[in-house]
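Only one structure is covered here, and it is reproduced in the block below.
Bear in mind the structure is a predicted one, so any value in this text is a computation, not a measurement. All values below come from the heavy atoms of this structure, side chains included, with hydrogens, waters and symmetry mates left out.
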Amino acid sequence: MSVPDYMQCAEDHQTVLVVVQPVGIVPEDQFFRIYKRIASVSQVSIRDSQRLLIRYRHHYLPENNEWGDFQTHRKVVGLISITTCASAKEWPQTAERFHGQKEVYSSTLYDSRLLVFGLQGDVAEQPRTDVAFYPSFEDCPDVEKRVDDFVGSIFIVLESKRLDRATDKSGDKIPLLCVPFEKKDFVGLDTDSRHYKKRCQGRMRKHVGDLCLQAGMLQDALVHYHMAVELLRGVNDFLWLGAALEGLCSASVIFHYPGGTAGKTVARKPSISQPADAGKRHRPGAQEVLIDPGALTANGISADTSTEIGRAKNCLSPEDIIEKYKEAISYYGKVMTRNESTNLSEEEKIQRYSILSELYELIGFHRKSAFFKRVAAMQCVAPTIPEPGWRACYKLLLETLPGYSLSLDPKDFSKGTHRGWAAVQMRLLHELVYASRRMGNPGLSVRHLSFLLQTMLDFLSDQEKKEVTQSLENYTSKCPGGMEVITLPDGLKLPPVPFTKLPIVRSVKLLNLPVSLRPHKVKGLLGQNMSTASPFIYSPIIMHNRGEERCKKIDFQWVQGDVCEVQLMVYNPMPYELRVENMGLLTSGVEFESLPAALSLPAESGLYPVTLVGVPRTAGNITVNGYHTSVFGVNSDCLLEGLPAVKTSGCLVEVIPSLPRLQLSTSLPRSAYTPQPTSKEELSSTVSVQLFNGETQQLTITLENIGSEDIETLELTSKIVSTKEKVFGEFLSWELEEALSHLPLKSGQALTLTVSIKVKLDFSGQENLLQDLNDDGISVTGLPISSPLRQVLKPRPENKTVSSESGKAEYSHIKTLEAVLNFKYSGGAGKVEGYYRELSLGVHVDVEPSVFFTRVNTLPATSTRQCHLLLDIFNPTEHELTVSAKNNQELVLHASECQRMAIQVDKFDFESLPQPDQETARFTNPKQLEEERQHAQGCQINSKLGICWSIISFQTNENEFH
């Protein structure tokens, strides 16, 4: 069965077909080397006005040769055989093979040649016209000359056949030319009927037109084609009528487009000097040279204007060419019911659909072209084929992608709206997955299935999402998906497919270190790192874009060796729980150890915070480029630059050299109190204690180095944050020398520090502390104070707290002191760069009144230098306490009891206290001067009296009272 040659075009009708084939064993590279030299002789000038155009083929089915009478350019008229022969003994066998090769095309062959390489001696020296001997493939200088002579001999035979057929011999009977499938149909026909004779004449006219076209006689060919059309139309010989119309169209195309049908239209009458190879045909790779209409014989078209009338009448216009082609196709369609046309093999069907695809591509019908390309791909694996060609199927499916607006790069689907029909695209991707699997390439299946899930997620139903992910997990169990580029055998590269939608990330935020771990720059060194990018403090013209925001440096630092955090707000678009394994950060700039996390996101979770952590191992600037995940067995590297919808305040942060880490523990229990206005996050911990006024409490602090760097410096400062109450003396005091002697503090070592908490407040003016006790009302405070020896106050309920609303009114005599102990420490490489860390401890003290002096009086003593100081002392506490003074016995006071105490003391000499100089007194506030004077007098009284109290049940040390 013949195979259609879909590569032919209109210009091929004027060429003669020469087959070049090897005889015996010929190295392939050597054969094609000689073949290219032979094919270079694509035209031969026979006379001054005629040229013969040759079309070479190295493979041609003999069955196609049977259609040579139907269209002469399909007929093999020349054979050039190439062989190797090492000795004279092999020559007879080689000659026999050559003879057998000629027999294949003997019915149509005009002439043949045999090129023998490697044979030397007597046989090679014998002169022969049909055989040429060469010592080697390299030593064959006259191959082109011999081919030129060979073409000349073909022309002689062609011309003789043309003249023989064109001559009108009315007495001779014209033979009926047939196509292969017609021969059995004409058996028994009346050969003397007028209808039969007209059929014979019409077919012969068409045949002569073909010969004239090949011989370069364009005008004669046009005339014969016109006559053939009229004769064949009259007898309804549709197949040959279609062929005659096709020949007429081809001859007209050759004239109108001497530069080839792929080039621009030139003048209808080109110059004689126009080179024959001025244009290229639209079928690449074919050998041909276009005819020059200005160089024809007198029987053809001449340059004389008198012949223009005949030319214009016989040659079709460009518009008519299209109409006649349509008409020829319609006539061909009427005979398509013949077995010769319909019973195509699977290979022929594949070729037909592929050519249809190419034709639609040429006219710009890309989706239609892709449709036929896909049909050809499915034909490659039709059930009737014993060995399905899955590789060919896969290759053809890949070629259909552009027609369906598909590419293999997921980046093309992140820009704007979706292009193309999603349902068709998903079908095609599924077919690629299946073809990949049948090819035995699971990695390819994983890549295409990942692409389907990533790019078509919005178009998949819930059930389809489940099915696709199950299939993907099955594939990845055998071949995990990764981020490598897959290169196909033909060189095509499949880019990686990161799962940026599983889960979807809405924002990325780099988090600062906890307050206790944040590095601080020594103030004197701040200027070293200040930017000098612009001399302007403020510019109203600021160009913003997402790229600059991502590269913007964040105004805090991370520390080498410390865990750093990045918060992602993620969303699970799947209708079921999504397990994300091995999710971590992608960074650049410094060595970074990512600590992967595994998370499980509920179905359609909404925004869900995920914190990814890692440890920078070196100092410098680090950029968070994205994140990596492992979902359904596919490892993905998702870069932020490819995710324009992700919000971020910057991804570049400075990593400073490593610093030590200090952990603090105390002897007092921790408290939930937060000293104001200090925020809770700024304190590592807070301790709380309840003291009586004048009491001293020891706070033992343990500092442990839990980092890898040595602590080389340590500073301690304190700050009272509540300023409502006036504190007498030092609230917090410590001795740091002993602790500093342990420096440098190695990793894992600890030191202890004792801080004294001493509370001395003024509780005067608290009228709600004492009840009306109905006495003479004389008091040092100016309040109505009574003086019975014992009066019990209203007891305090245990279940009420100081912070309750009722308690505030009832127990407002309790005062609060708050302070912050700040530890500043440094060491290691960070210290060299001028960085340190701070650790803060909050101290919350609730102060209750201890003893009150409700009445103060003096009596003269026996000595004029002394006096008796009479004190009415009241115990507002719920405990029994003792009060003592210098050189006096202890006075025991029960809860809520008032007693009088007499103390013999030297008279006070306030005149001896230092006085401020006149200049200081003039420029200082009088109120402040008075406060300083009273404070100095109070200190003198305290030192002389030395009054202390102690609660017996607590068994504590004596506490001072102010």
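- Here D320 pairs with nothing under the salt bridge (Lys or Arg N to Asp or Glu O under 4.0 Å) rule; sequence neighbours left out.
- Within 6.0 Å of the CG atom in D122, the count of heavy atoms belonging to other residues, nucleotides or ligands does not exceed 12.
- Residue Q14 holds its CD atom at 13.5 Å from SG of C212, rounded to the nearest 0.5 Å.
- Residues L222 and C315 have side chains in contact (heavy-atom distance under 4.5 Å, counting atoms from C-beta outward).
- Residues passing the ring pair (Phe, Tyr, Trp, His ring centres under 6.0 Å) test with Y196: none are found, sequence neighbours excluded.
- Between the CZ atom of R203 and the CG atom of L232 there is a distance of 7.5 Å, given to the nearest 0.5 Å.
- Residues meeting the side chain to side chain donor-acceptor pair (under 3.5 Å) test with E346, sequence neighbours left out: Q379, T384.
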message: Would V179 and W67 count as a side-chain contact (heavy atoms from CB on, under 4.5 Å) here? Give the steps.
response: CA-CA 6 Å; V179 297; W67 291 76; 3.8 Å; yes
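- No side-chain heavy atom of V104 sits under 4.5 Å from any side-chain heavy atom of L109.
- Taking the side chain as every heavy atom from C-beta outward, R97 and T83 never approach each other to under 4.5 Å.
- Remark: H13 pairs with H73 by the ring pair (Phe, Tyr, Trp, His ring centres under 6.0 Å) rule, at least two apart or across chains.
- Counting heavy atoms from C-beta on, the side chains of V253 and I321 come closer than 4.5 Å.
- Annotation for V116 and C85: closest pair CG1-CB, 3.7 Å, computed over non-hydrogen atoms.
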query: Is there a side-chain contact (heavy atoms from CB on, under 4.5 Å) between C249 and L316 once you walk through the steps?
result: CA-CA 7 Å; C249 292; L316 299 176; 4.1 Å; yes
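- One N or O on the side chain of Y332 and one on the backbone of A243 form a donor-acceptor pair closer than 3.5 Å.
- Taking each heavy atom of R113 and T129 in turn, the nearest pair found is NE-O, 3.1 Å.
- Surrounding NE2 of H195 are more than 12 heavy atoms belonging to other residues, nucleotides or ligands, all under 6.0 Å away.
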query: Would R233 and E327 satisfy salt bridge (Lys or Arg N to Asp or Glu O under 4.0 Å), going step by step from the backbone distance to the final call?
result: CA-CA 12 Å; R233 199 190 299 275; E327 188 179 352; 2.7 Å; yes
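- Side chain of T72 to main chain of G68: no donor-acceptor pair is present (N/O by atom type, distance under 3.5 Å, no hydrogens or angles).
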query: Does the ring-ring contact (aromatic ring centres under 6.0 Å, His included) test come out yes or no for W240 and F70, once each step is laid out?
result: CA-CA 8 Å; W240 286 77; F70 183 68; 5.1 Å; yes
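- Side-chain atoms of S357 never come within 3.5 Å of backbone atoms of Y353 as a donor-acceptor pair (strictly under, hydrogens ignored).
- Within 6.0 Å of CD on Q93 lie no more than 12 heavy atoms contributed by other residues, nucleotides or ligands.
- Proximity of R374 to L397: side-chain heavy atoms (C-beta onward) are separated by under 4.5 Å at one or more points.
- Shown here are the ring pair (Phe, Tyr, Trp, His ring centres under 6.0 Å) partners of H58, two or more places apart in sequence or in another chain: F32, Y35.
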- prompt: Do S250 and Y325 pass the side-chain contact (heavy atoms from CB on, under 4.5 Å) test, and can you show the C-alpha distance, the side-chain angles, and the key distance before you say yes or no?
  reply: CA-CA 9 Å; S250 298; Y325 264 131; 3.7 Å; yes
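- Of the N and O atoms on the side chains of Y257 and E11, not one donor lies less than 3.5 Å from an acceptor on the other residue.
- Counting heavy atoms of neighbouring residues, nucleotides and ligands inside a 6.0 Å radius, atom NZ of K75 exceeds 12 of them.
- Although no hydrogens or angles enter the test, the distance criterion places a donor-acceptor pair under 3.5 Å between the side chain of N65 and the main chain of V76.
- Here C140 contributes atom SG and I34 contributes atom CD1; the two are 4.0 Å apart, rounded to the nearest 0.5 Å.
- Remark: the Q21 side chain and the S81 side chain contain no N/O donor-acceptor pair separated by less than 3.5 Å.
- Here the closest non-hydrogen pair linking V26 and T84 is CG2-N, 4.2 Å.
- Sequence neighbours left out, the pairs with a member in residues 386-400 that pass side-chain hydrogen bond (donor to acceptor under 3.5 Å, both in side chains) are K373-E399, Y394-H448, K395-E399.
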query: Could you walk me through whether L396 and C380 pass the side-chain contact (heavy atoms from CB on, under 4.5 Å) check?
result: CA-CA 9 Å; L396 288 171; C380 292; 3.7 Å; yes
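- Side-chain contact between I38 and I82 is present, with at least one heavy-atom pair separated by less than 4.5 Å.
- None of L359, L356, I355 except one satisfies the side chain to side chain contact (heavy atoms under 4.5 Å, CB included) rule with F372; the exception is L356.
- The closest side-chain donor-acceptor pair between Q120 and E125, if any, does not fall under 3.5 angstrom.
- In this structure, CZ on R199 lies 14.0 Å from CD1 on I174, to the nearest 0.5 angstrom.
- For F371, there are no ring pair (Phe, Tyr, Trp, His ring centres under 6.0 Å) partners, not counting sequence neighbours.
- Listed by chain and number, the residues in a side-chain contact (heavy atoms from CB on, under 4.5 Å) with A86 are E90 (sequence neighbours excluded).
- With sequence neighbours excluded, the residues that form a side chain to side chain donor-acceptor pair (under 3.5 Å) with K145 are D149.
- Taking every heavy atom of both residues into account, L17 and Y60 meet most closely at CD2-CZ, 3.5 Å.
- Residues forming a side-chain contact (heavy atoms from CB on, under 4.5 Å) with I363 (at least two apart in sequence, or on another chain): Y360, F365.
- Summarising the geometry, atom NZ belonging to K206 is positioned 3.5 Å from atom CG belonging to D210; distances are rounded to the nearest 0.5 Å.
- Judged as a side-chain contact (heavy atoms from CB on, under 4.5 Å), and not counting sequence neighbours, the contacts of S136 are E138, D139.
- Taking both residues in full, the closest heavy atoms of R55 and T15 are given as NH1-OG1, 2.6 Å, listed atom of the first, atom of the second, then distance.
- With rounding to the nearest 0.5 Å, the separation of CD in Q214 from CG in D12 is 10.5 Å.
- For the 3.5 Å distance criterion, the side chains of E358 and S369 fail to qualify, holding no donor opposite an acceptor.
- Looking at Y56, its side chain does come within 3.5 Å of a backbone N or O of V41 through a donor-acceptor pair.
- Nearest heavy-atom pair across A251 and L218 is O-CD1, 3.6 Å.
- Looking at heavy atoms from C-beta onward, C393 lies out of side-chain contact with M439 at the 4.5 angstrom threshold.
- Applying the ring-ring contact (aromatic ring centres under 6.0 Å, His included) definition to pairs two or more places apart or across chains, those involving residues 107-143 are W91-F133, F117-Y134, F117-F137.
- Counting only heavy atoms from C-beta outward, the side chains of N314 and F255 never approach each other to under 4.5 Å.
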